[in-house]
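Values reported hereafter were calculated over all heavy atoms of this structure, with side chains retained and with hydrogens, waters and symmetry mates removed.
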Amino acid sequence: MIALVNRQDLLAFAHRDWSLVAEAKAEFWRDRKRDRTADDTLAIGEQLRQHARAVRPDWPTESERAADLAVHLRVTEALRAVRIRSR
């Protein structure tokens, strides 16, 4: 059973200082990003992949995989071109 919402609590929530909430949230993520390791980043990526598969089990489709590969190939060629020119 869902409890009734207390009117005072709802008003307090609605009238809170949202700029302070946003500031605290930004600080939290700034600190978390600063302290994040490569393993943390890979774990976050895996969590995102798992979530995407839970929401859309057919993801990625063959056409999405092909499009992704095409982007990776273009980036690879662009990086190779920059490396050659900078010598």
Side-chain angles (χ1 to χ4, degrees):
M1 175 174 221
I2 299 175
L4 295 176
V5 176
N6 179 297
R7 186 176 193 280
Q8 266 35 21
D9 292 342
L10 187 59
L11 288 172
F13 179 81
H15 292 105
R16 68 178 18 182
D17 186 344
W18 289 101
S19 64
L20 285 178
V21 173
E23 190 177 312
K25 192 175 185 180
E27 182 179 345
F28 170 84
W29 286 110
R30 190 173 38 251
D31 290 348
R32 184 135 185 213
K33 184 177 180 180
R34 183 191 65 228
D35 298 336
R36 191 168 50 212
T37 66
D39 286 342
D40 294 335
T41 302
L42 289 172
I44 290 166
E46 176 59 15
Q47 290 169 1
L48 288 169
R49 187 191 70 77
Q50 288 176 8
H51 174 72
R53 291 297 304 256
V55 172
R56 219 180 104 200
D58 66 325
W59 178 85
T61 64
E62 286 302 317
S63 63
E64 289 169 326
R65 289 176 63 89
D68 187 53
L69 177 59
V71 169
H72 283 279
L73 293 173
R74 283 197 310 273
V75 170
T76 298
E77 288 305 312
L79 292 172
R80 284 185 181 138
V82 170
R83 186 182 71 206
I84 291 169
R85 285 189 211 136
S86 66
R87 286 185 183 177

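Interatomic distance, Leu42 CG to Gln47 CD, rounded to the nearest 0.5 Å: 11.5 Å. Separating the CZ atom in Arg56 from the OG1 atom in Thr61 is a distance of 6.0 Å, to the nearest 0.5 Å. The distance from atom CG of Asp9 to atom CG of Leu4, rounded to the nearest 0.5 Å, is 12.0 Å.
The pair Glu46-Arg49 counts as a salt bridge, with a side-chain nitrogen and a carboxylate oxygen less than 4.0 angstrom apart. A salt bridge does not link Arg65 to Asp68: none of the charged side-chain nitrogens sits closer than 4.0 Å to a carboxylate oxygen.
Counting heavy-atom neighbours within 6.0 Å of Arg32 CZ, excluding the residue itself, gives a total of 12 or less. Heavy-atom contacts from other residues, nucleotides or ligands closer than 6.0 Å to CZ of Arg16 number more than 12.
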Quick one: do Arg80 and Glu77 satisfy salt bridge (charged side-chain N to carboxylate O under 4.0 Å, His left out)? Show the steps, please.
CA-CA 5 Å; Arg80 284 185 181 138; Glu77 288 305 312; 2.9 Å; yes
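Other members of the hydrophobic cluster containing Val71, listed by chain and number, are Val75, Leu79; membership follows side-chain contacts under 4.5 Å among ILVMFWY residues, whether direct or relayed.
Contact detail for Trp59 and Glu64: the closest heavy-atom pair is CD1-OE1, 3.5 Å. Across all their heavy atoms, Asp40 and Asp35 have their closest contact at OD2-O, 4.1 Å. In this structure, Trp18 and Phe13 approach most closely via the heavy-atom pair CZ2-O, 3.3 Å.
Between Glu27 and Arg30, the closest side-chain pair of non-hydrogen atoms falls below 4.5 Å.
In terms of the salt bridge (Lys or Arg N to Asp or Glu O under 4.0 Å) criterion, Glu62 has no residue partners (sequence neighbours excluded).
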